[in-house]
2 protein chains.
Amino acid sequence: MPKKCSCLVLRRLAIYYRYLSQLPSESSHALSSAEISKQLGIKASQLRQDLHWFGEFGHQGYGYDIEYLKGQLCNILHLNMIHPFIIIGAGNLGQALANYAEFERDGFILKALFDINPKLIGLRIHNVEIMDMDCLESFASKNQISIAAICTPSNNAQNVITRAVNAGIKGIWNFASPNVIVPDDVIVENVYLSESLYTLAARLDEGNKSAFNELNAH
Amino acid sequence: MPKKCSCLVLRRLAIYYRYLSQLPSESSHALSSAEISKQLGIKASQLRQDLHWFGEFGHQGYGYDIEYLKGQLCNILHLNMIHPFIIIGAGNLGQALANYAEFERDGFILKALFDINPKLIGLRIHNVEIMDMDCLESFASKNQISIAAICTPSNNAQNVITRAVNAGIKGIWNFASPNVIVPDDVIVENVYLSESLYTLAARLDEGNKSAFNELNAH
DNA sequence: TAGATTGTTAATCGATTAACAATC
DNA sequence: TAGATTGTTAATCGATTAACAATC
């Protein structure tokens, strides 16, 4: 067994956390691994194995106290603190992400967007300013930014990521391009948005009548 | 070896496809598995193994013809056809997705958004109309919609997905909630957007000075 | 031909699942 | 106590990597 758990485990812990957070408050105080895992479509032993990486959070014969487990997962996922973040690239995707306010609830506070396009600089999205890329380094270090979401075209990604890292950013939420190069102490989390949609299309039944039009006919 | 390749393989095929699509046209005609995989940060044997699920696309001693491989991946991923799709739930996330025009290039054409909020119905996002949820079934079957992106609150997800499936939709791009129940011939592709961000935060170094503020202090 | 690189099998590695003793 | 359910080990399963014969 390696020292560090895999990203797969962390992602499931995040799924457990979200599930527990969304339970109606009038529900019971405790749940068994069998009950939780059934709701999430996984195996109970996997849930217990995942938690086992970080300690013991349940009681034999009883299950898991919901509030306690939620608090522990919150700690494990570092959601008990503010994460100021910025978005680099204020095109469609960057603006879309800025408008998706959901993250604020969990302490991810958007401080600024950055772009090189003079037509965008100065505009406000979701009440956050789009700033000139030239200001990236000074802004990031002054405001102790920990995370940058990368929403530039893929051929710019490595360049802006290097700049962000030099300005002290330790977490890259990367929507732009796979396989960027960063120092060992910087974490890159890739989001494969179009690839996810491609995968869905690929898995659709070939006989599916709704997708028979040739692209050329468009 | 199972009959069907895993979703992990399909996702990597999508990554290869995007990589090849983005190559400048003045680059060479052929690439070896070693060259491609180095750019993408994977092992060459994995690239060859992934392709091996679907056939033989290279030539010994020569490598892969870029245009040919791109075309074959396009077929495998079903990107050689139009996929009309809708977005269910026109809140922040649904609107954000509608504004993210990138998919159109690959044949994913947004035909409508749906919501129950009377204030949203009739508005146009990215020049596509937000329609009343009551029209979902008739619109979806009349327009041969194959894919629905689910952007409702998670407690509505199962309900709208059941309705979408009854209207003939075969692919669910699910941003709302894990573990929804669908018939065997319907494909669900989950996108874990907040979970991805949680995972990034969890992996950030504990000593990271940029994230030391208590959430309570906010 | 000699060098390069594939297709493909076999070996390794890691993740998931099953099982059950411990114990509430 | 008896029943329930955890924590944890061991077994299984699947995915990744290495190796190399085939061959361009």
Side-chain angles (χ1 to χ4, degrees), chain A residues 1-16 20 28-70 72-73 76 178-179 190 192 195 199 203, chain B residues 1-16 20 28-70 72-73 76 178-179 190 192 195 199 203:
Chain A
M1 191 123 114
K3 294 263 170 55
K4 279 211 149 200
C5 75
S6 75
C7 292
L8 292 173
V9 172
L10 287 178
R11 187 165 68 185
R12 283 194 302 266
L13 292 177
I15 291 173
Y16 308 150
L20 295 177
S28 59
H29 286 298
L31 289 171
S32 68
S33 59
E35 289 167 313
I36 298 173
S37 61
K38 191 185 167 200
Q39 288 301 313
L40 295 173
I42 60 160
K43 292 281 191 299
S45 55
Q46 180 163 63
L47 170 55
R48 297 201 300 276
Q49 186 74 285
D50 287 344
L51 295 176
H52 181 54
W53 283 94
F54 294 92
E56 309 185 1
F57 306 109
H59 303 282
Q60 277 104 330
Y62 173 78
Y64 299 88
D65 181 273
I66 294 173
E67 285 307 314
Y68 178 74
L69 182 56
K70 215 196 298 184
Q72 292 296 307
L73 288 172
I76 292 168
N179 197 35
N190 291 314
Y192 296 104
E195 284 85 351
T199 305
R203 290 158 68 207
Chain B
M1 190 122 114
K3 295 264 171 55
K4 278 211 151 203
C5 75
S6 75
C7 292
L8 291 173
V9 172
L10 286 178
R11 188 165 68 185
R12 282 195 300 267
L13 292 178
I15 292 172
Y16 308 151
L20 295 177
S28 59
H29 287 300
L31 289 172
S32 68
S33 59
E35 289 167 312
I36 297 173
S37 61
K38 192 185 167 199
Q39 288 302 312
L40 296 172
I42 61 161
K43 292 281 190 298
S45 54
Q46 181 163 63
L47 168 57
R48 296 202 300 275
Q49 186 74 286
D50 287 343
L51 294 175
H52 182 54
W53 283 95
F54 293 92
E56 309 184 2
F57 306 109
H59 303 282
Q60 277 103 329
Y62 173 79
Y64 299 89
D65 181 272
I66 295 173
E67 286 306 314
Y68 178 73
L69 182 56
K70 214 196 300 184
Q72 293 295 307
L73 288 171
I76 292 168
N179 196 36
N190 291 313
Y192 296 104
E195 285 84 353
T199 304
R203 289 158 70 207

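Residue numbers start from 1 in every chain, and the chains themselves are labelled A, B, ... in the order their sequence lines are given, proteins ahead of strands.
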### Task
Could you please name the partner base of C:dA22, counting Watson-Crick and G-U wobble pairs only when both distances are under 3.5 Å?
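Partner of C:dA22: D:dT5.
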
Could you state the atom-to-atom distance from [atom1] of [X] to [atom2] of [N] in whole Å?
X	N	atom1	atom2	result
A:I36	D:dT5	CD1	C1'	12 Å
B:D50	D:dA15	CG	C1'	10 Å
B:Y62	C:dT6	OH	P	11 Å
B:E56	D:dT23	CD	C1'	11 Å
A:Q60	D:dA4	CD	C1'	10 Å
A:L47	D:dT8	CG	P	14 Å
A:L8	C:dG14	CG	P	13 Å
A:I42	C:dT17	CD1	P	9 Å

Look at [X] and [N] and indicate whether a side-chain polar atom (N or O) is within less than 4.0 Å of OP1 or OP2.
X	N	answer
A:S33	D:dT6	yes
B:Y64	C:dA4	no
B:R12	D:dT16	yes
A:R48	C:dT17	no

### Task
Could you tell me which non-hydrogen atom of A:A30 sits nearest to which non-hydrogen atom of A:E35, and how far apart they are?
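In terms of heavy atoms, the two residues are closest at O-OE1, 4.5 Å.
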
### Query
What does B:Q46 touch in the nucleic acid at a heavy-atom separation under 4.0 angstrom: a base, only the sugar-phosphate, or nothing?
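Base, at least one base heavy atom under 4.0 Å.
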
### Query
So what does B:S32 hit on the nucleic acid, given a heavy-atom distance under 4.0 Å: a base, only sugar-phosphate, or nothing?
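It contacts sugar-phosphate atoms only.
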
Given [options], which nucleotide is nearest the side-chain atoms of [X]?
X	options	result
B:K43	D:dC24, D:dT17, C:dT17	D:dT17
B:Q49	C:dT5, D:dT17, C:dT23	D:dT17
A:S45	C:dT16, C:dT6, C:dA18	C:dA18
B:H52	C:dT16, C:dT8, C:dT5	C:dT8

#### Entry: Side chain proximity check, A:W53 to A:L13, heavy atoms < 4.5 angstrom
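Result no, sub-4.5 Å side-chain heavy-atom pair not found.
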
